[in-house]
Novice: 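Starting off with a structure, shown below.
Hydrogens, waters and symmetry mates play no part in the numbers below; they use all other heavy atoms, side chains included. Owing to the predicted nature of the structure, the values given are computational and were not obtained by experimental measurement. The chains referred to below are lettered A, B, ... by the order of the sequence lines, with proteins before strands, and numbering in each begins at 1.
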Amino acid sequence: MIEIQNLSKTFPVSGGTVEALKDISLTIPDGEIYGIIGMSGAGKSTLVRCINMLERPTSGKVIIDGKDLGSLTQAQLREERRNITMIFQGFNLLMQRNCLKNVCFPLELAGCKKKEAVERATELLELVGLGDKLKSYPAQLSGGQQQRVAIARALATHPKILLCDEATSALDPQTTQSILSLIKDLHDKLGLTVIVITHQMSVVEQICTRVAILNHGSVVEEGVVSEVFASPESEEAKQLVYPEGYQQAIETEREEHLIRVVFNGASATQTPLIAKMAMEENIIASILFASTRSIGDKAYGNMLLGISGGKEQIEKAIAYLRRIPDIHAEEVTRDHG
Amino acid sequence: MGEFFASETVQTALDILKTEFPLAIWETIYVTVLSTFFAIVIGLPLGVLLVAGEKGRVLRIPKWILHILNIIINLLRSIPFLILMIVVFPLTRLIMGTVVGTPASIVPLVIAAFPFVARLVESSLREVNPNIIETAQSMGASPMQIIVKVMIPESIPSLISNVTLTITTVLGYSAMSGIIGGGGLGKIAINYGYYRYQYLVMGCAVICLIILVQIFQSVGTRISVKSDKRLKHRK
């Protein structure tokens, strides 16, 4: 379990200080895929670097499995870091070493025997699907492949916690998908606790179970992903959850009542949802806004429906939509977004 | 043309070429290589210290030590080599027992070259992506491991090309050392060309120096390029 208690971090800058993190408290249970999301400059990267003490917090504590990391000596901390490994946006592979030697690197640091290190590294590279690239150099690989090597490297020392700092931000959407499913896969197989730092809601939706939303160095919202996604409370959460254009659609004056439909991995791509609702329940809905995408055969995203008719019609529609698994529906009143 | 080769000047020049050049070339090479080697032995750790000791980097070194180190390096770099040679005479005598002769010139050459090496190493190591160093730290690397396993190996191509640059520079200095006691091609060029007006001999010595620089430079560049795994073409 990772406990972050009243953590603050200030950086000195010319003519004063900058408060990067303000009094953050989070508890991350074992085996969770925990998302930390925020805009650039929100303090995500600083926060994740405080978790393994790459940045020393100005105040507050980070406690991992009962161990207060701030109280460890440098040598103890180095030992502990083999349990909390990290992957990065820029992959950060050693460019002068081939893949196999890159994965061996943390084992070398730990004083592992060469033969064992090579065996372990080969095994891991096979696990991430690069069994045929052992002797290739990073410069010969694509971004996605480099990130796979980085993941294999991060797993070499049998860590319990994997920190992902914008690990997919430099990758194209398809490669992002494959890296995310690899992380999910490894999480399921190895029982890792994963912390995912990102600025993309789509990443959180896809693999995280819980999420904390960070804004200007503070946690503004925290909770189960589906709930935060279905009914974001804070302004920042709304900005992240609702795509552009959504607010305008709501604010436009209309006769109809509005229903927001959230697709949270629903298998809705095969069924014509709106048409079925019209036929089965006799409810006519117009789509005022939609931003959904299909990942595999699952749909994710938001839709804003306009339904004319009385209160009854609305309730009927919401009840109908809520019966479908992984879909959340609620009425939207105009005064709040 | 036949007349030219028959002339006395040319004959003496050819004689000198045969009798004195092989040894002089050998002296120049060994002085250069040895001096460069010792300069690296001293300069490399200093260069590492300059980069690793910076704030927020790998080692925690008091600021004033780095400050003094920088001053010493700048000081030695700013003294013209000929003057430096004279200034370090006492040190040369202490180490080598004499201030003249080919081996004795190694001392001032090392003193002149190690600050240069330290600066070059500094610039090579600065090229290493700081994110890679952070990554190594995140994996529990100690400062020593970061220096030995990350900073130096990652900058090998750049270090090799800077060693090449050092060799060619030291070669030039070693020729200069011929003015006051040093041996090698420089001595020949000065003794025959400057003191006895045998410009032909001087010209030959200069040509030999040019060829040596060319060889060192092209071999060094080739090794540097070959060692760089970032440039490998995708298969």
Novice: Search all heavy atoms of Phe116(B) against all heavy atoms of Thr166(B) and return the closest pair with its distance.
Specialist: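 Nearest heavy atoms, Phe116(B) then Thr166(B): CE2-CA, 3.9 Å.
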Novice: With only heavy atoms counted, which part of Leu94(A) is less than 4.5 Å from chain B, the side chain, the backbone, both or neither?
Specialist: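 Backbone plus side chain of Leu94(A), per the 4.5 Å heavy-atom cut-off to chain B.
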Novice: Among Arg82(A), Glu80(A), Arg81(A), Arg153(A), who wins on heavy-atom pairs under 4.5 Å with chain B?
Specialist: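 Among the listed options, the one with the most contacts to chain B is Arg81(A).
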Novice: Among Lys114(A), Arg97(A), Lys101(A), which residue satisfies the salt bridge (Lys or Arg N to Asp or Glu O under 4.0 Å) criterion with Glu108(A)?
Specialist: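 Exactly one candidate clears the test, Arg97(A).
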Novice: Give the minimum heavy-atom separation between Val110(B) and Ser35(B), together with the two atoms involved.
Specialist: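 So the minimum-distance heavy-atom pair works out to CG2-O, 3.7 Å.
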Novice: At a heavy-atom separation under 4.5 Å, does Ser142(B) approach chain A through its side chain, its backbone, both, or neither?
Specialist: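 Both backbone and side chain.
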Novice: Where does Leu93(A) contact chain B at under 4.5 Å (heavy atoms): side chain, backbone, both or neither?
Specialist: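 Backbone only.
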Novice: For the atom pair CG (Leu7(A)) and CG (Leu26(A)), what is the distance rounded to the nearest 0.5 Å?
Specialist: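 Result: 9.0 Å between the selected atoms.
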Novice: Under a 4.5 Å cutoff for heavy-atom pairs, which residue among Glu154(B), Lys149(B), Gln145(B) has the most contacts with chain A?
Specialist: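 Ranked by contacts with chain A, first place is Glu154(B).
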Novice: Does any backbone or side-chain atom of Leu163(A) lie under 4.5 Å from a heavy atom of chain B? Answer side chain, backbone, both or neither.
Specialist: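 No part of Leu163(A) comes within 4.5 Å of chain B.
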Novice: Do Ser155(B) and Ser124(B) pass the side chain to side chain donor-acceptor pair (under 3.5 Å) test, and can you show the C-alpha distance, the side-chain angles, and the key distance before you say yes or no?
Specialist: CA-CA 6 Å; Ser155(B) 52; Ser124(B) 287; 5.7 Å; no
Novice: Write down the atom of Leu109(A), the atom of Ala141(B), and the distance for their closest heavy-atom approach.
Specialist: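 Where Leu109(A) meets Ala141(B) most closely, the heavy atoms are CD1-CB, 3.6 Å.
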Novice: Looking only at heavy atoms and a cut-off of under 4.5 Å, which of Ile133(B), Val128(B), Val150(B) has the most pairs with chain A?
Specialist: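 It is Val150(B).
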Novice: Side chain from CB out, backbone as N, CA, C, O: work out which of these in Gln74(A) comes under 4.5 Å of a heavy atom of chain B, or both, or neither.
Specialist: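 It is the side chain, since no backbone atom gets that close.
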Novice: Of all of Met86(A), Met53(A), Arg78(A), which one pairs up most often with chain B through heavy atoms under 4.5 Å apart?
Specialist: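 Winner by heavy-atom pair count: Arg78(A).
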Novice: What residue among Asn83(A), Asp30(A), Asp65(A) forms side chain to side chain donor-acceptor pair (under 3.5 Å) with Lys160(A)?
Specialist: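 Of all the options given, the one that passes is Asp65(A).
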Novice: Does any backbone or side-chain atom of Phe105(A) lie under 4.5 Å from a heavy atom of chain B? Answer side chain, backbone, both or neither.
Specialist: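 Interface part for Phe105(A): side chain.
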